[in-house]
Protein chains: 2
Amino acid sequence: MSQQIVPDSLKRIERRRLDQGALPGLLGYRLRLAQQAVFRDFAASVHGLSPGRVGLLIYIDANPGVTQSRLAEAVERDRSTMVGALDQLQSRGLIERRRGDDRRTNGLWLTRAGRGLLARALRAIARHERRIAARLSAAQKRQLLALLDRIAG
Amino acid sequence: MSQQIVPDSLKRIERRRLDQGALPGLLGYRLRLAQQAVFRDFAASVHGLSPGRVGLLIYIDANPGVTQSRLAEAVERDRSTMVGALDQLQSRGLIERRRGDDRRTNGLWLTRAGRGLLARALRAIARHERRIAARLSAAQKRQLLALLDRIAG
DNA sequence: TAAGATTGTTTGATGTCCCAACAGATTGTG
DNA sequence: CACAATCTGTTGGGACATCAAACAATCTTA
């Protein structure tokens, strides 16, 4: 009954974009939107490796021989989380675990394949970064990074 | 053997903060750090509801009677993902599903309890927002939001 | 040397998400 | 009007990423 009375103009209103309520005013929400956009572009640029995994490769490359615990601490994850992540990278032949002098520890190293993949990924990331930064002037990018640092504390 | 030769000065170097390699230069990385900081503060402020779940409540509050599909579309999630999320909220007595005129659909509504919880959550979020924004001047916050929008596209 | 701490690991749990398939309901087309 | 196409919510299966607790091997300290 009510359906027959509703004019088309109202039906169109019903189909309008939803009201976002208080969401757009929240810094965290806007931050998330920006991050999602960047993540999408990253995923489209770098195939088969998430930002987090690339981050691990970068850390290991910059700190050859680092132990699992120290790496976990650096990226603020649990030791047990690191095991699975490193298993992935190792099973793909990208990293190597070598027992350390302290025989409780594993030192982590990039394999030749790992270095190759990282180099390729870094080139893709450089393109990705340029694509993102193209929406900003150099001064704006500096500004944004500075403001983000204030937020991150 | 080698262990006995390593001087303390070197050992201290080994314990230093890890080299972050190319990471700090990347916009996406800095964005993630800022978002993580905001997320931590959110979690400490709003207990028992993730930002995403609060987002759903805000949407439903602003669009009473919205269908599950439209809501899923608005937050860019699969329809089937929405089922579980709404089951959660419904089992906690925060929302209600009412069969729509189109009997395929469920219209979504906040219950009295849902409105109460949302009101409390919004007050907590307002405090959270002030705490975050306190690190910025009003002009800086405007600037940050504008820059984030450029990134988000 | 015995007690305590650290390291990597396993196991179990939580949370969030997607896809494929499906039945019921509605819409569009011939 | 009948029937194919489409839409809606749901289920079941799986993929990730994460943490906490417990454990054996190893190292450090008292």
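Convention: sequence-line order gives letters A, B, ...; per-chain numbering from 1.
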Is the distance from OP1 or OP2 of [N] to the nearest side-chain N or O of [X] less than 4.0 Å?
| X | N | value |
| --- | --- | --- |
| S80(A) | dT11(C) | no |
| R103(B) | dT27(C) | no |
| R104(B) | dG24(C) | no |
| R53(B) | dT16(C) | yes |
| T81(A) | dC19(D) | yes |
| Q68(B) | dT10(D) | yes |

Exercise. So do R120(B) and L117(B) actually touch side chain to side chain, heavy atoms under 4.5 Å?
Worked result: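 Sidechains of R120(B) and L117(B): in contact.
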
Categorize [X] for me: base, sugar-phosphate, or nothing, with a 4.0 angstrom heavy-atom threshold over every strand shown.
| X | value |
| --- | --- |
| T105(B) | sugar-phosphate |
| Q88(A) | sugar-phosphate |
| R97(B) | sugar-phosphate |

For this session: Using the test side-chain hydrogen bond (donor to acceptor under 3.5 Å, both in side chains), find all partners of N63(B) that sit at least two apart in sequence or belong to another chain.
Result: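 With sequence neighbours excluded, N63(B) shows a side-chain hydrogen bond (donor to acceptor under 3.5 Å, both in side chains) to no residue whatsoever.
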
For this session: Check side-chain contact (heavy atoms from CB on, under 4.5 Å) between R104(A) and all other residues, then give those that pass, not counting sequence neighbours.
Result: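 Partners of R104(A) by the side-chain contact (heavy atoms from CB on, under 4.5 Å) criterion, ordered by chain and then number, come out as D102(A).
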
Without decimals, in angstroms, what is the distance between [X] [atom1] and [N] [atom2]?
| X | N | atom1 | atom2 | answer |
| --- | --- | --- | --- | --- |
| L86(A) | dG8(C) | CG | P | 9 Å |
| D78(B) | dC17(C) | CG | P | 11 Å |
| D102(B) | dT8(D) | CG | P | 8 Å |
| L56(A) | dC16(D) | CG | C1' | 14 Å |
| Q36(B) | dT18(D) | CD | C1' | 12 Å |
| R98(A) | dT7(C) | CZ | C1' | 19 Å |
| R70(B) | dG9(D) | CZ | P | 11 Å |

Problem set entry | Check ion pair E73(B)-R17(A) (N to O, under 4.0 angstrom) |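 Looking at E73(B) and R17(A), the cut-off is not met.
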
Exercise. Can you name the residues that form a ring pair (Phe, Tyr, Trp, His ring centres under 6.0 Å) with F42(B), not counting sequence neighbours?
Worked result: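 For F42(B), the residues satisfying ring pair (Phe, Tyr, Trp, His ring centres under 6.0 Å) (neighbours in sequence not counted) are H128(B).
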
Problem set entry | side-chain hydrogen bond (donor to acceptor under 3.5 Å, both in side chains) partners of residues 30-39 of chain A, not counting sequence neighbours, each pair once |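 Counting only pairs at least two positions apart or across chains, the side-chain hydrogen bond (donor to acceptor under 3.5 Å, both in side chains) contacts touching residues 30-39 of chain A are R30(A)-D149(B).
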
Problem set entry | Contact list for DNA chain D against residues 40-51 of chain B - heavy-atom distance below 4.0 Å | none

Going by atom type alone, with no hydrogens or angles, which donor-acceptor pairs under 3.5 Å involve a side-chain atom of residues 45-60 of chain B and a protein atom two or more places apart or on another chain?
unit_1: S45(B); atom_1: OG; unit_2: D41(B); atom_2: O; d: 2.7
unit_1: S45(B); atom_1: OG; unit_2: D41(B); atom_2: OD1; d: 3.4
unit_1: S45(B); atom_1: OG; unit_2: R131(B); atom_2: NH2; d: 2.4
unit_1: H47(B); atom_1: NE2; unit_2: A44(B); atom_2: O; d: 3.4
unit_1: S50(B); atom_1: OG; unit_2: R53(B); atom_2: N; d: 3.2
unit_1: R53(B); atom_1: NE; unit_2: Q88(B); atom_2: OE1; d: 2.9
unit_1: Y59(B); atom_1: OH; unit_2: Q20(A); atom_2: NE2; d: 2.9

